[in-house]
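Just so we're on the same page: letters track the sequence lines, and every chain starts at 1. Model, not experiment: these values are computed from the prediction. Atom set for the values below is all heavy atoms of this structure, side chains included, hydrogens, waters and symmetry mates excluded.
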2 protein chains.
Amino acid sequence: MSSTMEPLKARRLYLLLREQILRGEVAVDARLPSEPALAQEHSVSRVTVRRALDKLASDGMIERRPGSGTFVSAGKTSMPVVADLSNVLTHLVEMGRKTGVRLISFAYVNATPAMAEELRLDPGERLQRSVRVRLIDGQPFSYLVTHVPERIGMSYSEADLASTPLLELLERSGLVAERATQVVGATLAGPEAADALDLDIGAALLTMTRVVFESSGRGIEHLQALYRPDRYSFHMDLERTGSDGARRWTPADAVRASEQINDTKKNNRTKRPTPQRRTKP
Amino acid sequence: MSSTMEPLKARRLYLLLREQILRGEVAVDARLPSEPALAQEHSVSRVTVRRALDKLASDGMIERRPGSGTFVSAGKTSMPVVADLSNVLTHLVEMGRKTGVRLISFAYVNATPAMAEELRLDPGERLQRSVRVRLIDGQPFSYLVTHVPERIGMSYSEADLASTPLLELLERSGLVAERATQVVGATLAGPEAADALDLDIGAALLTMTRVVFESSGRGIEHLQALYRPDRYSFHMDLERTGSDGARRWTPADAVRASEQINDTKKNNRTKRPTPQRRTKP
DNA sequence: TTTAGTTGTCTTATAAAGAATACAGATTTG
DNA sequence: CAAATCTGTATTCTTTATAAGACAACTAAA
């Protein structure tokens, strides 16, 4: 499965150092080993060490002080925007952040066999395919490829897509979403996604595939989402519920959800049911 | 953020083709463009195309038939083991699969500032650090780095770790886990993880960071998990609950959980509440 | 001030990746 | 069978990555 086609040594070292910094194995503001030391430690030349450090510096993870050393930067080591498992961005309003959507492409295509099966449709059925990029504070954080059956897609315009969440559009047109499955994984950035998300090809991406079904069991939306993990991640709070042998973990979101059903108006944004990671002041 | 230190051209092409195949843009059993055609299409030499295809072939994604062409393989395009959002592996028993654990390292270390903060402990406190690899059918699928406060870690042995889930060990020693937070993201494989998971350095990994708290609010476990996305992914079923303006998505697991609280004995393994992706017969 | 250690920059040499081309053997099609 | 097309393999050349070393400029500490 593995071996052959080695990534460049500089890339390897870059990934290694990056990992150590992100995991906190090297403290913030601490000095890294000197370039000659790193070169000897990893059995590479100083040029290679230098390339790795260049990359880290351009990522804003380290700061180089000539004559003194290179140090781990405080700022950039942390904290993407988080979403709960229902894919709802949290703490956005209160942080005064603004999101936007860019429509990359929009077309009608024939369903591939795989796509038809996932949506439980007839193979070859026409689908509306749209590619969008979501932005936060002007910076892209997600790359979304959506497939919707043609007849359903007709109920809204191309312009609607660039301004309104797709699920809202679907429900507005009378459809009733009943169930959805989501699968979360990881993949490497290909050329298109890398370009749209302002990343290097081969960067790590968080993926989510969601299929939404109406009550009849037919799929009404297929979403393939790619997220920049440094700007977006999934967050879930779990509570230990039940007693004795039947104790198990329950997502706290579910609790909050049932609380909110009889509470349409006041949205409790002061809740903090579980400790959050925070950056130091 | 991007540019400089280009990955190799062969790697780029590999990722591009891989992406197209995984997304179903190229049908299963279909023939890929010929090597000269791919070379011209992407403005690279045939040697480079060849390297990319070699990698795809070793991944089992394509099959090369001399004189005929290269074709997309049916088998390997799909389906890792799935876990629900409580991190419980599903469909394992019924599939007759066996899991195992390999203990990689075991030591006591000083808490880094970042780790201490996440666990809400005093900085510098002693922690038990263990690194484990979980296997399914003899193949590694997750790389787990766990930190537990020293006094708690004393309650079980090194051998226990290799055989029993950590959370069970903790509760067995009288601790009461009350809350947990989980953050799911993605990262690139570093040298250690790549080696343990039998992957190339720079491969995409699914990450989960979990912190478990007891009722006093102090952390009792910090877990950093790295998963091979081709062998493991998170799955969640959502249901549209509530009415009118208060409709929202609720994880179906929560429903199942509350059903099971009064149902200790019979574990309903026949449930299939939501359509699953499946491979063709 | 001196000294040791650091990053920044350059040179030269070797190793590896990629480009361009040619040709043998297998497969399909006319 | 013959022609066209494909993969497998080899050769040669160019470009890029890496190695090894030298030296200047800067910093901090003795």
- Looking at Lys9(B), does any N or O in its side chain come under 4.0 Å of the phosphate oxygens OP1/OP2 on dA19(C)? yes
- Query: Nearest-Å distance, CG (Asp54(B)) to C1' (dT9(D))?
  - Reply: 12 Å
- Item | Expected output: side-chain Arg64(A) to main-chain Ala57(A) donor-acceptor under 3.5 Å | no
- Item | Which nucleotide in dT6(C), dA19(D), dG8(D) has an atom nearest any side-chain atom of Ser45(A) | dA19(D)
- Rounded to the nearest Å, what distance is computed from the CG atom of residue Leu13(A) to the C1' atom of nucleotide dA17(D)? 14 Å
- Message: Parallel, tilted or perpendicular, judged at 30° and 60°: which one describes the rings of Phe234(B) and Tyr227(B)?
- Response: perpendicular
- Task: Could you state the atom-to-atom distance from CD of Gln40(B) to C1' of dT21(C) in whole Å?
- Result: 15 Å
- Decide if atom CD of Gln40(A) counts as having more than 12 heavy atoms of other residues, nucleotides or ligands within a radius under 6.0 Å. no
- Message: For dA17(C) and Arg51(B) - does any side-chain N or O of the residue sit under 4.0 Å from the phosphate oxygens OP1/OP2?
- Response: no
- Message: Between Glu150(A) (side chain only) and Arg126(A) (backbone N and O only), is there a donor and an acceptor less than 3.5 Å apart?
- Response: no
- OP1 or OP2 of dA19(C) under 4.0 Å from side-chain N/O of Arg46(B): no
- Query: Between dT6(C), dT7(D), dT7(C), which nucleotide gets closest to the side-chain atoms of Arg31(A)?
  - Reply: dT6(C)
- Note on the structure: Side-chain contact check for Ser68(A): nearest option of dT27(D), dT7(D), dT9(C) is dT27(D)
- Do Arg132(A) side-chain atoms and Thr146(A) backbone N/O form a donor-acceptor pair below 3.5 Å? no
- Would you mind telling me which residue lines up with the more 5' stretch of DNA chain D, Gly67(A) or Ser43(A), judged by nearest nucleotide? Ser43(A)
- Among the nucleotides dC6(D), dG8(C), dT9(D), which one has an atom lying closest to any side-chain atom of Arg50(A)? dG8(C)
- Message: Check the phosphate of dC26(D) against Arg65(A), side-chain N and O only, distance under 4.0 Å to OP1 or OP2. Yes or no?
- Response: no
- Task: Report the distance from atom CZ of Arg11(B) to atom P of dG18(C), rounded to the nearest whole Å.
- Result: 12 Å
- For Leu8(A) and dG18(C), give me the distance from atom CG to atom C1', rounded to whole Å. 12 Å
- Message: Using whole Å, what does the distance between atom C1' of nucleotide dG18(C) and atom CZ of Arg12(B) come to?
- Response: 13 Å
- Message: In whole Å, I'd like the distance from the NE2 atom of His42(B) to the P atom of dG18(C).
- Response: 15 Å
- Message: Just the rounded figure in Å: distance from P of dT21(C) to CD of Glu35(B).
- Response: 17 Å
